[in-house]
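Taking it in order: structure first as structure tokens, then the write-up.
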Amino acid sequence: MISAAFDYVSARSVDEAVSALTEHGDDAKLLAGGHSLIPLMKLRLASPSVLVDVGRLRDLSYVRDTGDEIAIGALTRYRDLEINDRLQADLPIVAHVAGLIGDPQVRHRGTIGGSLAHGDAASDMPAVVLALDGTLVARGPRGERTIPAAEFFCGFLETALAPDEMLTEIRLPKATGAGWSYQKFRRRALDWAIVGVAAVRNGRTGVALVNMGSTPIRASAVERALASGSSIADAARLAADGTEPPSDLNADPEYRRHLAEVLVRRALEEADGAVTAQR
Amino acid sequence: MKLELTVNDTPHVAEIEPRTLLVHYLRDVLGLTGTKIGCDTSSCGTCTVLVDGESVKSCTVFAAQVNGAALTTIEGLAGDDGLNRVQQAFHDNHALQCGYCTAGMVMAAVSLLEEQPDPTEADVRGGLEGNLCRCTGYHNIVKAVLSCGRAAER
Amino acid sequence: MTTTEIPAADGKGLVKIGQPLLRREDEPILRGEARFTDDVPIPGALYMEVLRSSHAHARIRSIDTDAARTSPGVVAVYTGADLAGEWVGQIPVLIAPDPAPLLAPRWGPIATDKVNYVGEPVAVVVAETRARAADALEAIVVDYDVLPAVVSPEDACTDRVVIHDELGTNKAYTWEVVITPESVDAAFADAAYTVKQRHIQQRCLPAPMETRAVCAVPDPMGGGGFTLYSSTQMAHLLRTLLAMTVGVPEQKLRVIAPNVGGGFGSKLQTYPEESLCLALARRLKRPVRWVEDRSECGVAMIHGRGQVQDIELAADSDGKITAVRVHLLGDLGAHCKLFTPGIPVIGGPFYHGCYDVPAFAITITSVYTNLPPTDAYRGAGRPEATYAIERAVDGLAAEMNMDPAEIRRRNFIPPFENGHQTVCMVPFDSGNYEPALDQALELAGYEQLRKEQADRRASGSTKHLGVGIASYVEVCGYAPSRMMAAGGGKFSLWGTSVVRFLPTGKIVVTTGSHPHGQGHETSWAQIVSDRLGVPYEDVEVLHSDTAIAPYGVLTGGSRSLSVEGAALSVTCDKVIAKAKTLAAHLLEAAEGDLEFNDGSFNVKGTPSRALPITGLAHTAAFDAHLLPEGMEPNLSAETTWDPPNFTFPFGTHIAVVEVDEETGAVALVKFVAVDDCGNQLNPVIVEGQVHGGLVQGIGQALFELAAYDDDGNPLSPTLADYLVPSAAEVPSFTLGSTVTPSPSNPLGTKGVGESGAIGSAPAVINAVVDALAPLGVTNVIMPASPMTVWRTIQAARAAAPNAKENGR
Ligand SMILES: Cc1cc2nc3c(=O)[nH]c(=O)nc-3n(C[C@H](O)[C@H](O)[C@H](O)COP(=O)(O)OP(=O)(O)OC[C@H]3O[C@@H](n4cnc5c(N)ncnc54)[C@H](O)[C@@H]3O)c2cc1C
Ligand code: FES
Ligand code: FES
């Protein structure tokens, strides 16, 4: 499997990357870890004519304490998230989920920014960022802007990023001591989630779903029900409300809806347990 | 484009097409055919090599992306004093049959042991989730890797 | 077992049969030096890429190759029509359902006017690099006239769409064995209990980790010959068949199977790409190579299994099975490859399992579909048979509310050491089935498990514990030519070996076997060291190259040790006999007075004057004037061995699963396998073979499915969608064994390459059904994916809660 030919640009800074994107327009694509893009290119499902490699921008690989928030550089790799002490203390769900993505080899290359920018409904990190109500920072020719996670995922593999914008940072409110759970239901350890659920209970409750529609989504009905005092079991029954789950070999929509309910219930129960148990 | 890589401690310089995957560079340009290709979807791990010490699927990386890096392939593990300890453990535990997955398994195991010097059976099974073997049923591979852990040495 | 428990050799460097031995094959592989087909450097080679049909059933209106021809780096582009003149014969069918007539369509390496499955080759590009060939492939435009596709064997039976006009039907054959039909009917009429089940053997991908690869090289010295490298399990047979079909004279063709990365039956073929590379190398006068992408492999390699099984049991009030009746529907795919129509037939006489069944009837109907051909995949017919009977026996146990271990015990064929004629007139070699069951129960802690299960059930947990047993008997050692012919074989298999002493006392063995992971180099050297009393390290074993090795047909069907290994043992006996004559001559003694121990001859009672066989070898080579009158120089011998009978390994497997009622997820928590493969040459290798087979059977039970949509498009050709289990999905295994030597060969071995894959799938599904029995579940189809299991539970709940019913 060999991709179509392309021109290769190795960016030395965000500005260089953005100007390369501006110059080449729609034909260009950023290349971060490459673990979503390269598989598509090998199958010739994507054939960008210019690749702008931002993988060397190591100054975009960081986890920083900014007070109420944790700021994560877009080029931070899963493995670095998984073993990060600050995340383990203040946002354990991020470290935990980073360790569940793909396999060790994937985690050595894949980046959080790439995962979010790719916007795949079956990916794990978008749901976590949604459940946490994070903010995404993008840089483009017109400067920097911030986008709330809730507005970031627009359609199938589509995000709020303009073609000439680069995602640079992810800001997540700290959840120190909060209850949380991530339920990833899959057939083999190396597989993507058939359905996944991220839940964070920190005064408010954030619940987001993986692979239950064309984009990563919030389980808003569940959140509302809990906010108005429903029991976990009752709220979980609303897990699939408003979703249009996909159909594939592993699950049809009906089964996905059922899984969503079971997994949301388990996630909320675990999150509640976790508050007291403190993993 | 110009590519400079250190592979198994030997520096190499080559002119390559940007679309050259790392695995094709290793196999077709350097002739290091110990690294195998087993799939199109980054699923099997037979192509695993170490980039700056970490396991990576070389079929899912353009050679250009690791320009300047130091790589280790299966050919670079054994020293003058013979097989390295993971290779030796694979032999001692009959952890290979046809041998097609072996290079990738060994490289993944080396990386795993680097990160987790004292793995449990669950750690080993989870740590090798990205490497498929169709012959051994994994039983002896897991045994081999466990035998390299600190617990086994005690 | 650790290294220290495995002495590589004793002080003299001798190893014994039965001794655990680590493999000599390992080191070059571990160093990354062992070359597989695509690793072999071939200067000047061109790269072939194959354009494959994107439709399951279509007429080819036209193929436009103009753009591809002018694409950079392209040397040639050919369609089926362009290459029609290259083929001189049709690839034959080697096992047919005799005496039933077989209707088989013609097929060639590349389609000409019609395609019959997605993946069938329609055009080839040859270019200077792999990337250029891939680029050009995209530029070929094929205009198809799409026809309705036949995707299920049931649909094929209706002949709604007839795939092959020339046959006039999709039915390839109907094959029947009915042992006294009246007695079968009477048994069902008189039965106290009956069981009726339908099972689906889903299509599986063999998925060896090395896909196929081929390279055809015109002889660089001239002379019109070719060397063909191929990732094959049958270098010799491939050479014969390529000679017959591509027309390169057999003696001008050398086939080499370098290191082969697994086969499991899938590489027991003559595939289109082998013919194409050879024909194109002949045409272009340059080496032509090809390597299969994994997603090609999913459609271009044979598939395994693919059957619909209807099985019925009749039993008396004690649970003694009185009759078995089976209807099989075999999905052959688009056409017959070498063994395609024979696979369901091979399993036919095994549908009574290891049970003493007085009345038996089986009818097999096999049909063509618009899917890739099915053929031999690890077990080939026996896993299917075992699955059906073992599920049915569990059904009977459930019906009678009897323990599944007990029902098996009541029905086992009683022990026999030297022959048992089955109800199908199959001459089983030796068997003692109950001890294997007992050992498996013991190793599994069966009583304790049943207690835990009862406690778990009482607790109302939604995580259900299930225990599944499967006992099996199968057939290995494919060779006995008379029996093969009687069973529909259109070719013969035998074992071949040559043992040659070199003048320095070292030994070269050449063998007809084609190992690809089974460790024959180690095992064959072990046999020779034991038999001839020579140091293990002094024995070199060569194979898999038609220019070096004697004709060895193929490695498959767990035949190598019992046939090729046995041939080697016979050859060693011949060498010893000749050496003995020479020793007697030199010692001026009668042959009858000599004894042979640890590699030396001496007159009985005078061990001090001993002649080592290595010295005799030197004498036979370089002091040939000392040989007795009429004796040929050199110490060597050769054997082609045709055994008297097959071998019939057996055993019992036990699976323990936990099923999550809410999600349908199945976790395999424990697996015990007790296998009897007769005498064990090397327990290390025996265990490794079992481990690997187990995961293939577990894979079929829980994960693997070559899925197709209604139009015949593959849904799971890649390893992302076709779920080969990883280390994280399976536990470590508990193995045991019993030893019942086979009288079929001088080593007393039976074969163990497939048994792991035979007992495991039914054990796992029996466990899943056992777990869910309290919910009213009586069957779960494979693969028991979470969605399938969940739906099965829903369906059982919807049905009347107390209805007891077998099958789906
Ligand atoms: C075998 C395998 C298994 C996997 N399993 C999982 C899994 O279980 N769960 C899961 O969530 N994911 C999984 N993934 C996907 C993995 O997480 C990817 O690494 C990740 O989705 C993309 O990150 P990347 O850095 O590799 O991005 P790339 O592949 O480099 O880029 C992905 C896309 O995002 C764009 N992009 C990248 N970075 C930026 C940026 N900073 N700003 C703007 N655009 C950008 C690129 O142009 C491209 O379109 C798996 C991948 C593989 C190969
Ligand atoms: S070749 Fe399969 S993961 Fe790289
Ligand atoms: S040893 Fe054959 S694939 Fe692992």
| said: My understanding is that only residues two or more places apart in sequence, or in another chain, count here; which of them pass side-chain contact (heavy atoms from CB on, under 4.5 Å) with B:Ser111? | reply: A:His108, B:Leu50, B:Ser55, B:Glu115
| message | Walk me through whether C:Glu704 and B:Arg134 qualify under salt bridge (Lys or Arg N to Asp or Glu O under 4.0 Å). | response | CA-CA 13 Å; C:Glu704 301 181 28; B:Arg134 196 62 158 163; 2.7 Å; yes
| Where is the tightest heavy-atom contact between C:Ala34 and B:Lys36, given as atom of each residue plus distance? | O-NZ, 3.8 Å
| message | Sub-4.5 Å heavy-atom contacts with chain C: which residues of residues 1-9 of chain B show up? | response | none
| Judged by atom type as modelled, is there a donor-acceptor pair below 3.5 Å linking the side chain of C:Arg23 to the main-chain atoms of B:Leu96? | yes
| task | Return the minimal non-hydrogen interatomic distance between B:Gln87 and C:Leu30, and the atom names on each side. | result | NE2-O, 2.7 Å
| message | Given heavy-atom pairs under 4.5 angstrom as the criterion, report whether the side chain, backbone, both or neither of B:Thr33 touches chain C. | response | both
| remark: Closest heavy-atom pair, C:Ile29 versus B:Cys98, reported as atoms and distance to 0.1 Å, is CD1-O, 3.9 Å
| field | Shortest non-hydrogen separation from B:Cys135 to C:Phe264 and the atoms involved | value | SG-CZ, 3.8 Å
| request: For the pair C:Asp38 and B:Arg27, find out whether any cationic side-chain nitrogen is under 4.0 Å from an anionic carboxylate oxygen. | output: yes
| note | Applying a strict 4.5 Å limit to non-hydrogen atoms, the region of C:Gln689 in contact with chain B is both
| Taking C:Gly688, C:Gly519, C:Gly693, C:Pro208 one by one, which has the highest count of heavy-atom pairs under 4.5 Å against chain B? | C:Gly688
| query | Does a donor on one side chain and an acceptor on the other come within less than 3.5 Å for C:Thr718 and B:Asp40? | reply | no
| said: Quick check on C:Ile685 against chain B: is it the side chain, the backbone, both or neither that has a heavy atom closer than 4.5 Å? | reply: both
| task | Mind checking the OH-OG1 spacing from B:Tyr100 to C:Thr211? Nearest 0.5 Å is all I need. | result | 5.5 Å
| Do you know which two heavy atoms are closest between B:Glu121 and C:Ser732, and how far apart they sit? | OE2-OG, 2.9 Å
| message | So, applying side-chain contact (heavy atoms from CB on, under 4.5 Å) with C:Arg31, which one of B:Leu83, B:Ile74, B:Leu77 is it? | response | B:Leu83
| request: Against chain C, work out which of B:Gly34, B:Cys39, B:Gly126, B:Cys133 has the most heavy-atom pairs shorter than 4.5 Å and name it. | output: B:Cys39
| task | Using non-hydrogen atoms and a 4.5 Å limit, figure out which bit of C:Phe671 sits close to chain B: side chain, backbone, both or neither. | result | neither
| Which residues pass the salt bridge (charged side-chain N to carboxylate O under 4.0 Å, His left out) test with C:Glu138, sequence neighbours left out? | A:Arg44
| Can you say whether C:Glu33 sits under 4.5 Å from chain B via the side chain, the backbone, both, or neither, judging by heavy atoms? | neither
| task | Could you tell me whether the side chain of B:Tyr138 and the main chain of C:Pro725 form a donor-acceptor pair under 3.5 Å? | result | yes
| said: At a heavy-atom distance under 4.5 Å, which candidate from C:Pro206, C:Pro28, C:Pro41 has the highest pair count against chain B? | reply: C:Pro206
| note | In this structure, NE2 of C:His516 is separated from CD of B:Gln97 (nearest 0.5 Å) by 10.0 Å
| said: Which atoms of C:Asp293 are under 4.5 Å from chain B, going by heavy atoms: the side chain, the backbone, both sets, or neither? | reply: both
| Can you name the closest pair of heavy atoms from C:Ala728 and B:Glu129 and give their distance? | CB-CB, 4.4 Å
| query | Checking side-chain contact (heavy atoms from CB on, under 4.5 Å) for the pair C:His691/B:Thr136: CA distance, chi angles, key distance, verdict? | reply | CA-CA 6 Å; C:His691 293 148; B:Thr136 64; 5.8 Å; no
| query | Short question: side chain of B:His139, backbone of C:Phe733 - any donor-acceptor pair under 3.5 Å? | reply | yes
| request: Please assess C:Arg294 against B:Thr41 for the test side-chain hydrogen bond (donor to acceptor under 3.5 Å, both in side chains), listing each intermediate value before the final yes or no. | output: CA-CA 9 Å; C:Arg294 176 61 63 182; B:Thr41 47; over 6 Å; no
| task | Please flag which part of C:Val730 lies under 4.5 Å from any non-hydrogen atom of chain B: side chain, backbone, both or neither. | result | both
| said: Rounded at 0.5 Å granularity, tell me how far CD1 in B:Ile37 sits from CD in C:Glu210. | reply: 11.5 Å
| request: Name the region of C:Leu719, side chain, backbone, both or neither, that has any atom closer than 4.5 Å to a heavy atom of chain B. | output: both
| Engaged part of C:Pro731 at the chain B interface, taking heavy atoms whose separation is under 4.5 Å | backbone
| query | Between C:Glu27 and B:His91, is any pair of side-chain heavy atoms under 4.5 Å apart? | reply | no
| query | Which members of residues 59-69 of chain B, sorted by number, sit under 4.5 angstrom from chain C on a heavy-atom basis? | reply | none
| Do the charged groups of B:Lys143 and C:Glu687 touch, with an N to O distance under 4.0 Å? | no
